[in-house]
2 protein chains.
Amino acid sequence: MDMMNDGHGAHSTAPQPEVRGTRVRGTRQAGALTAVLADLPAFSSAQDIHAELRRRGERIGLTTVYRHLQVLAEDGSVDTIRDAGGETLYRRCETVSHHHHVTCRSCGRSVEVEGRAVERWADKVAAEAGYVDIDHTLEIFGLCPDCARSRT
Amino acid sequence: MDMMNDGHGAHSTAPQPEVRGTRVRGTRQAGALTAVLADLPAFSSAQDIHAELRRRGERIGLTTVYRHLQVLAEDGSVDTIRDAGGETLYRRCETVSHHHHVTCRSCGRSVEVEGRAVERWADKVAAEAGYVDIDHTLEIFGLCPDCARSRT
DNA sequence: AACCGCAATGAAAACCGGTTCCATCGTCAT
DNA sequence: ATGACGATGGAACCGGTTTTCATTGCGGTT
């Protein structure tokens, strides 16, 4: 049931891990994906990212895109959110600490916001109810200035 | 997503609405589903709800369960959340006003909590970023007392 | 009670995002 | 250059949800 993007469960693996002898290989595809992620300012679906890679002339399979995004998400290199349709969206992570997003439901652009107060609140109410091992998800959606304007 | 309320809230919008002539029909299936929802205290998937209906000897199709849950969710008669696997879970709504849930990730049982403070916070930070038409999703997961105990 | 129209139903098929298989490819240490 | 093994990717698969469409049955009418 649950075991996907958990709350940063395991301690990290460095960007370029090196597990005794065998190390992560630098492939053309991995580099291209990283490059595209660096360019995309908005949360995008794996399929959109794959399409963008193809648009740029990269030869890369959808499977590979999914695989890399999964790993990057575990690393904390990319943030993930679920849109209203349940689809997972990805974007390069800007800040390391825990944060939330205000995302444009039209274009996907988002800004990161601190959420310490909310976290404390969540932990508090959950604890009051007797729950333990608490985790939470919080996403804020709206229309960014640009999209709001062009929608008048 | 979009409201599909007929623009005639004229008379009775009761459990058994009858808007002008022929509209919502009182079917065996609809009743059974409502009954099961009334009994289930935890967030359950459409498939689980369907299984429970069958267990009770009801003849009802999975499609119908999905359709009803969809409508009830729009009505606000049932609350919905997404579990970690992206599956939608349903539960009868207890309080009318806006609220959030502290849900057990093991058994699905949940308690409703007020969230005015969080809402204000969400609206504030979003507004500061220039976003409008703000909406948000917030779910808290943990282990309920019972599940925490039996997990020693 | 018999009749009818249309909403409701539901089995099967379509859909869809995402994952797994596995044969092949390409990197990197030697 | 060579070989081993990780990386790749097209196809098959998976599971939840929606759509299709022929059939059913609720309810008002005759």
Side-chain angles (χ1 to χ4, degrees), chain A residues 1-6 13 16-34 36 43-54 57-75 78 80-90 108, chain B residues 1-2 4 6 12 15-34 36 43-51 53-54 57-75 78 80-90 108:
Chain A
M1 285 255 190
D2 51 11
M3 54 165 62
M4 296 203 71
N5 48 342
D6 52 278
T13 342
Q16 301 303 321
E18 174 203 318
V19 187
R20 215 184 334 104
T22 52
R23 62 173 63 174
V24 176
R25 292 183 178 172
T27 63
R28 184 190 73 253
Q29 293 88 335
L33 177 54
T34 310
V36 166
F43 273 98
S44 318
S45 69
Q47 316 232 19
D48 284 348
I49 292 172
H50 178 241
E52 174 60 23
L53 280 162
R54 282 290 173 83
E58 291 295 336
R59 289 187 301 96
I60 183 172
L62 183 56
T63 308
T64 302
V65 172
Y66 272 114
R67 257 187 309 237
H68 278 316
L69 288 174
Q70 214 165 271
V71 173
L72 292 172
E74 279 168 12
D75 279 3
V78 301
T80 66
I81 61 176
R82 298 259 192 168
D83 69 9
E87 202 170 358
T88 304
L89 307 182
Y90 308 80
Chain B
M1 309 238 172
D2 48 312
M4 51 202 320
D6 53 89
S12 73
Q16 304 302 320
E18 12 83 15
V19 188
R20 238 193 302 105
T22 52
R23 275 302 137 80
V24 179
R25 288 181 178 176
T27 64
R28 183 190 74 253
Q29 292 89 335
L33 176 54
T34 310
V36 166
F43 272 97
S44 318
S45 69
Q47 314 232 21
D48 284 348
I49 292 171
H50 178 240
L53 280 161
R54 281 288 172 82
E58 291 294 338
R59 290 187 300 97
I60 183 171
L62 182 56
T63 308
T64 302
V65 172
Y66 272 112
R67 257 186 310 237
H68 274 59
L69 287 174
Q70 213 165 273
V71 173
L72 292 172
E74 279 169 13
D75 278 4
V78 300
T80 67
I81 61 176
R82 298 257 192 176
D83 69 10
E87 204 169 1
T88 304
L89 307 181
Y90 308 80

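Naming convention: chains lettered A, B, ... in sequence-line order (proteins, then strands); numbering from 1 in each chain.
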note = Residues at least two apart in sequence or cross-chain that pass side chain to side chain donor-acceptor pair (under 3.5 Å) with A:Ser45, listed by chain then number, are A:Asp48

message = Can you tell me how far apart NE2 (B:His50) and OG (B:Ser44) are? Round to the nearest 0.5 Å.
response = 14.0 Å

query = Which nucleotide in the set C:dT9, D:dT17, D:dT19 lies at the smallest distance from any side-chain heavy atom of B:Thr88?
reply = D:dT17

ask   = Does the side chain of B:Gln70 get closer than 4.0 angstrom to OP1 or OP2 of D:dT17 through an N or O atom?
value = no

Distance below 4.0 Å between A:Thr27 side-chain N/O and D:dT8 OP1 or OP2 = yes

message = Counting the atoms with a prime plus P, OP1 and OP2 as sugar-phosphate, which does A:Leu62 contact under 4.0 Å by heavy atoms, base, sugar-phosphate, or nothing?
response = nothing

query = Out of curiosity, B:Phe43 CZ to B:Ile49 CD1, how far, rounded to the nearest 0.5 Å?
reply = 10.5 Å

request  = In whole angstrom, give the distance that lies between atom CD of A:Glu87 and atom P of D:dT18.
outcome  = 14 Å

Tabulate below the donor-acceptor pairs under 3.5 Å that side-chain atoms of residues 60-68 of chain B make, not counting sequence neighbours, or state none.
{"unit_1": "B:His68", "atom_1": "ND1", "unit_2": "B:Thr64", "atom_2": "O", "d": "3.2"}

message = So, using ring pair (Phe, Tyr, Trp, His ring centres under 6.0 Å) as the criterion, who are the partners of B:Tyr90 when residues are at least two apart?
response = none

ask   = Between A:Gln29 and B:Arg59, which is nearer to the 5' end of DNA chain D once each is assigned its nearest nucleotide?
value = A:Gln29

query = Which is true for B:Arg82 with a 4.0 Å heavy-atom rule: it touches a base, it touches only sugar-phosphate, or it touches nothing?
reply = nothing

message = Under 4.0 Å from OP1 or OP2 of C:dA8: is there any side-chain N or O of B:Thr64 that close?
response = no

request  = Nearest whole angstrom, please: distance from the P of C:dT9 to the CD of B:Glu58.
outcome  = 12 Å

ask   = Between B:His68 and C:dT9, is there a side-chain N or O to OP1/OP2 distance below 4.0 Å?
value = yes

key: Euclidean distance, atom CG of residue A:Leu72 to atom P of D:dA7 [Å, nearest integer]   = 13 Å

key: Selection: residues 45-53 of chain A, any non-hydrogen atom under 4.0 Å of DNA chain D   = none

inquiry  = Can you measure B:Arg28 atom CZ to C:dT9 atom P for me and round it to whole angstrom units?
reply    = 9 Å

Between D:dT19 (C1') and B:Tyr66 (OH): distance, integer Å = 14 Å

Contacts of A:Glu58 that satisfy salt bridge (charged side-chain N to carboxylate O under 4.0 Å, His left out) - sequence neighbours left out = none

ask   = Can you tell me how far C1' of D:dG10 sits from CZ of A:Arg54, to the nearest Å?
value = 10 Å

message = If I take atom CG in residue B:Leu69 and atom P in nucleotide D:dT17, what distance separates them, rounded to the nearest angstrom?
response = 10 Å

request  = Output all residues satisfying side chain to side chain contact (heavy atoms under 4.5 Å, CB included) with B:Ala73, sequence neighbours left out; order by chain, then residue number.
outcome  = B:Val78, B:Thr80

query = Nearest of D:dT19, D:dT8, D:dG10 to any side-chain atom of A:Arg67?
reply = D:dT8

